[in-house]
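Step one of this worksheet: look at the structure below.
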There are 2 protein chains.
Amino acid sequence: MPTSAEKTPARWESLPSWLLTQTANHAHRLVAEAFSSVGARGYHYRLLATLEECGPASQAALGRRSGIHLSDMVAAVNELADRELVERAPDPSDRRRNIISLTAAGKRQLRQLEKKLAAGQDELLAPLSPEERQRFTELLSRLLDHHTRRTGTPDEPWR
Amino acid sequence: MPTSAEKTPARWESLPSWLLTQTANHAHRLVAEAFSSVGARGYHYRLLATLEECGPASQAALGRRSGIHLSDMVAAVNELADRELVERAPDPSDRRRNIISLTAAGKRQLRQLEKKLAAGQDELLAPLSPEERQRFTELLSRLLDHHTRRTGTPDEPWR
DNA sequence: CACAATCGTTAGTCGTCCGAACGGTTCGTT
DNA sequence: AACGAACCGTTCGGACGACTAACGATTGTG
């Protein structure tokens, strides 16, 4: 079998779910490496970005907006607070809450992460032409929208 | 802005890497749920499919062909062997190796998993037209190909 | 023969996602 | 005013996929 054993077409390799999850792994790896080069990971970026976008908020609110599970917020906020990228202060008007806010250093870090992120996108989409990139993200958006709408949005007060 | 706090467009939500990983999560969830309904997970399917495709082989060879890390093969094969979907026998010609082979029950299970998988694909791509599905998988294939070619293929003997 | 490479195995890590539980706090109703 | 429901932060743990390090046993090769 000098030559026959080499090829491994593997029939599942053309399945959308396979293509999707594997490509996502590469994407994740690219971004994670970029982030870790400045000592951060995905949750940190999401948190910082959400904070800048919506302003100071409680952990629960941040979690909902950034899609991070409440259970994981504690550690993520701790890590950010340890590096003083974020500040945790009690809410005087509701003693259950901590109000998380972005520090100047946090904002700088966010700029760094955004730079890394942008580079990552480019590396990720390298083999695609601008038009293809657009179609790709458009299709992805439709898919994601469809599925989050069906399962992932229990926040609507539906009223 | 009594109403401005509701919306959370979140600027990262249009990034390809985000769309990709999130959509992949949904895909993974769909497939995992389908698999777990017959007591299996991704590794099991990959192993069974590879076995059927390439015939009996050592764990290391199987791992290479199915993209499963050697360290994770032990557990996966154990789980399959416990359910008698697979057989582990010593290789007489090389006592380091175990030869893994598919049982009749394993083949039946594989059929089940394939059925589940196909249903999952359909659910995943539900919002897309047939043409869109094709373009989508084509773009994904190009991306995945590009990235695995660059990083994921240390098997080449590059002789 | 001695050394390098391979095989199976064990035991960990990491990141993302998720569920269960609990004490403390606030709010809506009565 | 009081009570129960709902919410907040927190801790613990688990699933899954991917990955690293190390080790004994075996093999093949210089």
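Residue numbering restarts at 1 for every chain, and letters A, B, ... go by the order of the sequence lines. Only this structure's heavy atoms are used, side chains among them; waters, hydrogens and symmetry mates stay out.
Here the P atom of nucleotide C/dT9 and the CD atom of B/E79 are 13 Å apart, to the nearest Å. Atom CG of B/D91 is separated from atom C1' of C/dC7 by 11 Å (rounded to the nearest Å). One atom, OH of A/Y43, and another, C1' of C/dC17, lie 6 Å apart when rounded to the nearest Å. For the pair A/L47 CG and C/dG15 P, the interatomic distance rounds to 15 Å; values are reported in whole Å. Taking atom CD1 on A/I100 and atom C1' on D/dT10, their separation rounds to 13 Å, with Å as the unit. Atom NE2 in A/H69 sits about 14 Å away from atom P in D/dC8, given to the nearest Å. The separation between A/L62 atom CG and D/dG9 atom C1' is 13 Å, rounded to whole Å. Distance B/E33 CD to D/dC16 P: 12 Å, rounded to the nearest Å.
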Trace of the salt bridge (Lys or Arg N to Asp or Glu O under 4.0 Å) decision for B/E52 with A/R11: CA-CA 10 Å; B/E52 188 177 57; A/R11 66 161 146 323; 2.4 Å; yes
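Within the nucleic acid shown, A/L70 comes within 4.0 Å of at least one base atom, counting heavy atoms only.
Nearest-nucleotide mapping onto DNA chain D: of A/D94 and B/R95, the residue sitting toward the 5' end is A/D94. In terms of position on DNA chain D, the residue among A/N78 and A/N25 whose nearest nucleotide sits closer to the 5' end is A/N78. Mapping A/S93 and B/R97 onto DNA chain C by nearest heavy atom places B/R97 closer to the 5' end of the strand. Residues B/D72 and A/R41 each lie close to DNA chain C; by heavy-atom proximity, the contact nearer the 5' end of the strand is made by B/D72.
For D/dT10, one of the phosphate oxygens OP1 or OP2 lies less than 4.0 angstrom from a side-chain nitrogen or oxygen of A/R88. Within the structure, every side-chain polar atom (N or O) of B/Q22 is placed at least 4.0 Å from both OP1 and OP2 of C/dT16. Residue A/H28 places at least one side-chain N or O closer than 4.0 Å to OP1 or OP2 of C/dT16. Within the structure, every side-chain polar atom (N or O) of A/R29 is placed at least 4.0 Å from both OP1 and OP2 of C/dT16. In this model, the phosphate group of C/dT9 is approached by a side-chain N or O of B/Q59 to a distance below 4.0 Å at OP1 or OP2.
The closest side-chain donor-acceptor pair between B/Q121 and B/R133, if any, does not fall under 3.5 angstrom.
Between A/R135 and A/E138 no salt bridge is recorded (no basic side-chain N to carboxylate O distance below 4.0 Å).
Looking at B/R96, its side chain comes within 3.5 Å of the base of C/dT6 through a donor and an acceptor atom. For B/S71 against C/dT9, no side-chain N or O and base N or O form a donor-acceptor pair under 3.5 Å.
Counting non-hydrogen atoms of other residues, nucleotides and ligands closer than 6.0 Å to CD of B/E87 gives a total of 12 or fewer.
Although no hydrogens or angles enter the test, the distance criterion places a donor-acceptor pair under 3.5 Å between the side chain of B/R142 and the main chain of A/P127.
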